[in-house]
Amino acid sequence: MVAKKCLKDDFYKDAINRSYYAAFYAVKGVLSLGTVDFKRNKDVIAYFNKEYVATEIFSGEVR
């Protein structure tokens with residue numbers, strides 16, 4: 001919601017930042033269903049790609 005408003009108001013960097021963190025915390029939410037937890041963003045992304053995207057549990061396709 002906030003990202004869309006930022007985009008509409010031409011605050012592109014803010015829109016990108018809000019979108020990134022929305023996706024990041026969604027991935028952290030998925031991972032919280034298991035037993036892993038990471039402090040660094042890059043570790044969360046790497047683990048998600050390895051365990052979920054590479055195994056095709058989640059598609060790597062961008063829509």
Side-chain angles (χ1 to χ4, degrees):
M1 199 81 150
V2 175
K4 282 185 179 182
K5 177 152 178 39
C6 288
L7 185 61
K8 181 179 159 251
D9 294 340
D10 298 330
F11 294 112
Y12 301 115
K13 288 182 181 180
D14 291 332
I16 291 167
N17 183 273
R18 302 281 202 258
S19 297
Y20 171 84
Y21 278 102
F24 173 74
Y25 284 111
V27 167
K28 279 207 48 125
V30 169
L31 296 183
S32 74
L33 299 172
T35 59
V36 297
D37 189 25
F38 302 97
K39 293 187 188 323
R40 297 184 312 179
N41 294 14
K42 71 178 191 172
D43 296 333
V44 170
I45 294 165
Y47 184 84
F48 184 81
N49 283 332
K50 178 182 169 196
E51 298 296 326
Y52 289 85
V53 177
T55 60
E56 298 182 354
I57 294 171
F58 279 83
S59 170
E61 178 183 332
V62 177
R63 294 182 191 189

(message) Under 4.5 Å between side-chain heavy atoms, counting indirect links through other Ile/Leu/Val/Met/Phe/Trp/Tyr residues: same cluster for Y21 and I16 or not?
(response) no
(message) Please determine whether residues V44 and I57 belong to a single hydrophobic cluster, defined as Ile, Leu, Val, Met, Phe, Trp and Tyr linked transitively by side-chain heavy-atom distances below 4.5 Å.
(response) yes
(request) Determine whether Y20 and N41 make a side-chain contact, defined as any pair of heavy atoms from C-beta on separated by less than 4.5 Å. (result) yes
(request) Can you see which heavy atom on E51 is nearest to which on T55, and at what distance? (result) O-OG1, 2.6 Å
(message) Looking at every non-hydrogen atom in both residues, tell me the closest pair between S19 and A3 and how far apart they are.
(response) OG-CB, 3.5 Å
(message) Donor-acceptor check, side chain of N49 to backbone of I45, threshold 3.5 angstrom: yes or no?
(response) yes
(message) So, taking the atom named CZ in F38 and the one named NZ in K28, what distance separates them when rounded to the nearest 0.5 Å?
(response) 9.0 Å
(message) Do F24 and V36 land in one hydrophobic cluster if side-chain heavy atoms of ILVMFWY residues count as linked below 4.5 Å?
(response) yes
(request) Give a yes or no on whether a salt bridge exists between K39 and D43, defined as a side-chain N under 4.0 angstrom from a carboxylate O. (result) no
(request) Answer with yes or no whether the side chains of D14 and Y12 bring together a donor and an acceptor at under 3.5 Å. (result) no
(request) May I ask whether Y25 and V2 are part of the same hydrophobic cluster, defined by side-chain heavy atoms of I, L, V, M, F, W, Y residues being less than 4.5 angstrom apart, directly or through others? (result) no
